Chemist: 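One structure, pasted below without further comment.
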Amino acid sequence: MKKILILGANEKQIPLIKAAKEEGYYVVVCDYTSDNPGIPLADKHYQVSYLDQDSVLSIAKKERIDGVIGNNDPAMPMVAYISDRLGLPGNSPETIDKLISKSAFRQFQEQIGLYCPKHIETEDFSVVEKSIENLNFPIIVKPSVSAGSQGTTKIQANQTGKLQEVFNTCKGFSRNGKVTIEEYVEMPTLEGIEGDIFVYGDTILWNGLFTTRRSIMAPMIPMTYIFPAILSQEKLTVVKKNVTKLFNEVGIRHGEYNIEMYFTKKEELFIIEVNPRQGGHLLPQQIKKHTEIDLTRLLVTTAVGQNEYLDDIVKKEPKNNFLTHHVVFSDISGILQDIEIDPVIRKYVSEIAFHKKRGEKINQRNNATDYIAYVTMQFPDRETQLSYSRERIEQMIRPIVKE
C-alpha cells in the first residue's frame, strides 16, 4: 500500500485526502489543529504545524512515505523540502522559493528574458520614498509573500498620500514582512488568461487553460472563469513557448501550478504569477467538468510515483465542454438576502454553491476571499456561452444585499 503525506487538513486539502483514499493509499496528515474537517478522513493525524521543518521531516521518515503534497501557499516550500530530502517526486526548495516570492519571481523573469515591469522590494518604507521616483505611475503595491490578492492596491500619481497606509497593510499580509512595488501593466481588456497547468518531468498538460474575466468595479480580482480559453492559435503558441521556458529555467519537475497572465497593449505576454498549488474557487473541479481530466487524482498518483493515470490522459483526446464558473461578489457590504439569476440564463445553471448563508453579513469585494457563492453553467456551444459569460453576466447573476 502506498503511503502519502498531506500537509494540512482544512477544506483545501479535503479533495486531496479523498482522492488518495479512493486510490487505496494510506493517508498521513500534519495539521496543528485537532478539529479541521480533513482529519477524520485521514488514516493518521500528527498534531504538528506543517511549518515545523524538523518535526515534519521526522514524521515523513518514520512513516516511510512514498509521496508528499500540499495545497496552499505556506505549505509548498515544506512539500519541496521533504520531497527533496527523501528523493520523492517533487521540486527543489529553491525552485518553489522563486515562485512564492513576488519580488524573486520578477527578478527571475528579468533574468531569463521574459517580460516584466520595473519593481522594488523592501520592508522599510523609507526605501520606498527614495525609490519611488524611478517608477512610472500608476504602481501596484502588494505583499511579497501572500496568497490571493490580499492587500494588493493600485496607486495613482495623485494618491501618494495613502501610500504608507497601503504599504503597512501589505506588510501585515506578507509572510516575510516585505512589500513589492511595481509599475502597473495595463490590461487592454478585462479578460486575462489563467489555468492550472500540470507538470511531470518533461510532460506539460495544457488542458486546464481558461479565460478569466474581471469586473470593472474590481479589475484586480478574477470573477468569471470561461472554459476553454478564448485564445487564437497564434497566442496559444506564445503562451506555451513562454510558460515552457519559465518552467524549464526555474526547474519545475512536478505538480499542479495555477498561473495568471495576459497580453499587453504591445502584445507582450505578461505572466503575473505562478502559484505552486492548485487554483482556488474549485478550479480543478471545473477543469474536470470541462475536460474530464481529474487533476487532483493526477497530482496524488504521480506524487507517489504511479503514472498509469497520467499515461491514460496523454493517450486520450480530452473533452472540450463549454463551461462558465462565475464567482459572485457584492459591491456593497450588508446582509445577504439571496442571489438573483435571470430566467434567460438559469436554464444553463448546473450548480449553485453558497459560501455565505442567507442572512449572513457580507463584505464589499476587496479581496478574492470576499466571495458569496459560485454559479456554474454548462452551455451547448461557444456562441451561446460567450453571449452570457462576458459583459452581461453581472447583470444576470447578482446578489441581493440589504445595507
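The basis for the numbers below is simple: all heavy atoms, side chains too, and nothing from hydrogens, waters or symmetry mates. As the structure is a prediction and not an experimental result, all values here were calculated from the model.
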Chemist: Check this for me: does any side-chain nitrogen of one of Glu182 and Arg106 sit under 4.0 Å from a carboxylate oxygen of the other?
Modeler: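 Yes, this pair counts.
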
Chemist: Count the heavy atoms belonging to other residues, nucleotides or ligands that lie under 6.0 Å from NZ of Lys130, then report whether that count exceeds 12.
Modeler: no

Chemist: Less than 4.5 Å apart, any side-chain heavy atom of Tyr115 and any of Asn242?
Modeler: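 No, their side chains stay 4.5 Å or more apart.
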
Chemist: With no hydrogens and no angle check, is any side-chain donor or acceptor of Asn91 less than 3.5 Å from a backbone partner on Arg253?
Modeler: yes

Chemist: Would you please indicate if the ring centroids of Tyr388 and Tyr348 are separated by under 6.0 Å?
Modeler: yes

Chemist: Does the ring centre of His325 sit less than 6.0 Å away from the ring centre of Phe227?
Modeler: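 Distance test on ring centres: not under 6.0 Å, no.
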
Chemist: Does Val349 reach the side chain of Val375, with side-chain heavy atoms less than 4.5 Å apart?
Modeler: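 Side chain of Val349 against side chain of Val375, heavy atoms only: contact under 4.5 Å found.
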
Chemist: Rounded to the nearest 0.5 Å, what's the gap from CG on Leu16 to NZ on Lys21? Could you check?
Modeler: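 It comes to 14.0 Å.
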
Chemist: Do NZ/NE/NH1/NH2 and the carboxylate oxygens of Lys98 and Glu110 come within less than 4.0 Å?
Modeler: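 So Lys98 does not pair with Glu110 through a salt bridge.
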
Chemist: How far apart are the closest heavy atoms of Gly177 and Lys171, and which atoms are they?
Modeler: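 Gly177 and Lys171 have their closest heavy atoms at O-CG, 3.3 Å.
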
Chemist: Report yes if some heavy atom in the side chain of Leu88 is under 4.5 Å from a heavy atom in the side chain of Ile65; otherwise report no.
Modeler: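 The answer is yes; the side chains approach within 4.5 Å.
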
Chemist: Could you pull out all residues at least two apart from Asp331 that satisfy salt bridge (charged side-chain N to carboxylate O under 4.0 Å, His left out)?
Modeler: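 Result, salt bridge (charged side-chain N to carboxylate O under 4.0 Å, His left out) vs Asp331: Arg365.
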
Chemist: Hey, is Arg214 close enough to Glu191 for a salt bridge, meaning N to O under 4.0 Å?
Modeler: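 So Arg214 does not pair with Glu191 through a salt bridge.
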
Chemist: What are the two closest non-hydrogen atoms of Ser101 and Val145, and how far apart are they?
Modeler: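 The answer is CA-CG2, 4.0 Å.
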
Chemist: Measuring only between side-chain heavy atoms, which start at C-beta, is Leu86 closer than 4.5 Å to Leu57?
Modeler: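 Leu86 reaches Leu57 side chain to side chain.
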
Chemist: I want to check something: taking the side chain as every heavy atom from C-beta on, are Leu41 and Val27 in contact at a cut-off of under 4.5 Å?
Modeler: no

Chemist: Under the 6.0 Å and 45° cation-pi test, does Lys3 pair with Tyr25?
Modeler: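 No; the conditions do not both hold, so Lys3 does not lie above the ring face of Tyr25.
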
Chemist: For Lys2, is the NZ atom crowded, meaning more than 12 foreign heavy atoms sit under 6.0 Å from it?
Modeler: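 Counting neighbours around NZ of Lys2, more than 12 heavy atoms of other residues, nucleotides or ligands fall under 6.0 Å, so yes.
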
Chemist: Give, for atom CG of Asn307 and atom OG1 of Thr203, the distance between the pair rounded to the nearest 0.5 Å.
Modeler: 9.0 Å

Chemist: Crowded around Tyr32 OH? As in, over 12 foreign heavy atoms under 6.0 Å?
Modeler: no

Chemist: Taking the six-membered ring for Trp and the full ring for Phe, Tyr or His, determine whether the centres of His326 and Tyr374 are under 6.0 Å apart.
Modeler: no

Chemist: CD1/Ile140 to OG1/Thr152 distance, rounded to the nearest 0.5 angstrom?
Modeler: 7.5 Å

Chemist: Would you indicate whether Lys361, at its atom NZ, is surrounded by more than 12 heavy atoms from other residues, nucleotides or ligands within a distance under 6.0 Å?
Modeler: yes

Chemist: Considering residues, nucleotides and ligands other than Glu234, do more than 12 of their heavy atoms fall under 6.0 Å from its CD?
Modeler: no

Chemist: Is the count of non-hydrogen atoms from other residues, nucleotides or ligands lying under 6.0 Å from Glu165 atom CD greater than 12?
Modeler: no

Chemist: For a side chain to side chain donor-acceptor pair (under 3.5 Å) check, start with the C-alpha distance between His254 and Tyr200, then their side-chain angles and the critical distance, and finish with the verdict.
Modeler: CA-CA 5 Å; His254 177 256; Tyr200 191 83; over 6 Å; no

Chemist: Taking the side chain as every heavy atom from C-beta outward, state whether Gln159 and Leu163 have any pair of such atoms under 4.5 Å apart.
Modeler: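 They are not in side-chain contact.
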
Chemist: Check the side chains of Asp31 and Gln47 for a donor-acceptor pair under 3.5 angstrom, ignoring hydrogens and angles.
Modeler: no

Chemist: Going by heavy atoms in the side chains, are Asn168 and Val179 under 4.5 Å from each other?
Modeler: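 No, too far: nothing below the 4.5 Å cut-off.
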
Chemist: Show the numbers, then the answer: is there a side chain to side chain donor-acceptor pair (under 3.5 Å) between Ser92 and Thr95?
Modeler: CA-CA 5 Å; Ser92 72; Thr95 291; 2.9 Å; yes

Chemist: Should the pair Arg358 and Phe354 be classed as cation-pi, given the thresholds of under 6.0 Å to the six-membered ring centre and 45° from the axis?
Modeler: yes

Chemist: Looking at OG1 of Thr169 and NZ of Lys162, how far apart are the two atoms once the value is rounded to the nearest 0.5 Å?
Modeler: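 So the OG1 of Thr169 and the NZ of Lys162 are separated by 10.5 Å.
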
Chemist: Of all heavy-atom pairs between Pro74 and Leu51, which one has the smallest distance, and what is that distance?
Modeler: O-CD2, 3.5 Å

Chemist: Gln278 and Thr296: side-chain donor and acceptor closer than 3.5 Å?
Modeler: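 Looking only at side-chain atoms, Thr296 and Gln278 do form a donor-acceptor pair, the distance falling under 3.5 Å.
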
Chemist: Does the side chain to side chain contact (heavy atoms under 4.5 Å, CB included) test come out yes or no for Thr376 and Leu323, once each step is laid out?
Modeler: CA-CA 7 Å; Thr376 305; Leu323 181 135; 4.0 Å; yes

Chemist: Which is it for Glu186 and Thr264 under the side chain to side chain donor-acceptor pair (under 3.5 Å) test, yes or no, and what are the steps along the way?
Modeler: CA-CA 7 Å; Glu186 185 176 352; Thr264 70; over 6 Å; no

Chemist: For Lys289, I'd like to know if atom NZ has over 12 heavy atoms of other residues, nucleotides or ligands within 6.0 Å.
Modeler: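 Yes.
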
Chemist: In terms of heavy-atom contacts, does CG of Asp381 have more than 12 from other residues, nucleotides or ligands at under 6.0 Å?
Modeler: yes

Chemist: Arg277 and Asn71: which non-hydrogen atoms are nearest, and at how many Å?
Modeler: CD-O, 3.9 Å

Chemist: First locate atom CD1 of Ile82, then atom CE of Met78, and finally report the distance between them rounded to the nearest 0.5 Å.
Modeler: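 Result: 6.0 Å between the selected atoms.
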
Chemist: What I want to check is whether the side chains of Tyr371 and Asn363 have a donor and an acceptor closer together than 3.5 Å.
Modeler: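 On atom types as modelled, these side chains do not qualify, holding no pair under 3.5 Å.
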
Chemist: Minimum heavy-atom separation for Glu292 to Tyr309, with atom names?
Modeler: O-OH, 4.1 Å

Chemist: My understanding is that only residues two or more places apart in sequence, or in another chain, count here; which of them pass side-chain contact (heavy atoms from CB on, under 4.5 Å) with Lys178?
Modeler: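 Only Glu121, Glu123, Ser144, Asn176 meet the side-chain contact (heavy atoms from CB on, under 4.5 Å) criterion with Lys178.
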
Chemist: Which atom pair, heavy atoms only, marks the closest approach of Phe173 to Pro143?
Modeler: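 That closest heavy-atom pairing would be CB-CG, 3.7 Å.
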
Chemist: Hey, what do you get for CD (Gln109) to CD1 (Ile272), rounding to the nearest 0.5 Å?
Modeler: 10.0 Å

Chemist: Are Pro37 and Glu11 close enough that some pair of their side-chain heavy atoms sits under 4.5 Å apart?
Modeler: yes

Chemist: Step by step, would you call Asn36 with Asn10 a side chain to side chain donor-acceptor pair (under 3.5 Å)?
Modeler: CA-CA 5 Å; Asn36 260 339; Asn10 64 22; 5.7 Å; no

Chemist: Taking atom types as modelled, is there a side-chain donor on Glu194 or Thr211 under 3.5 Å from an acceptor on the other?
Modeler: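 Side-chain D/A pair, Glu194 to Thr211: absent.
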
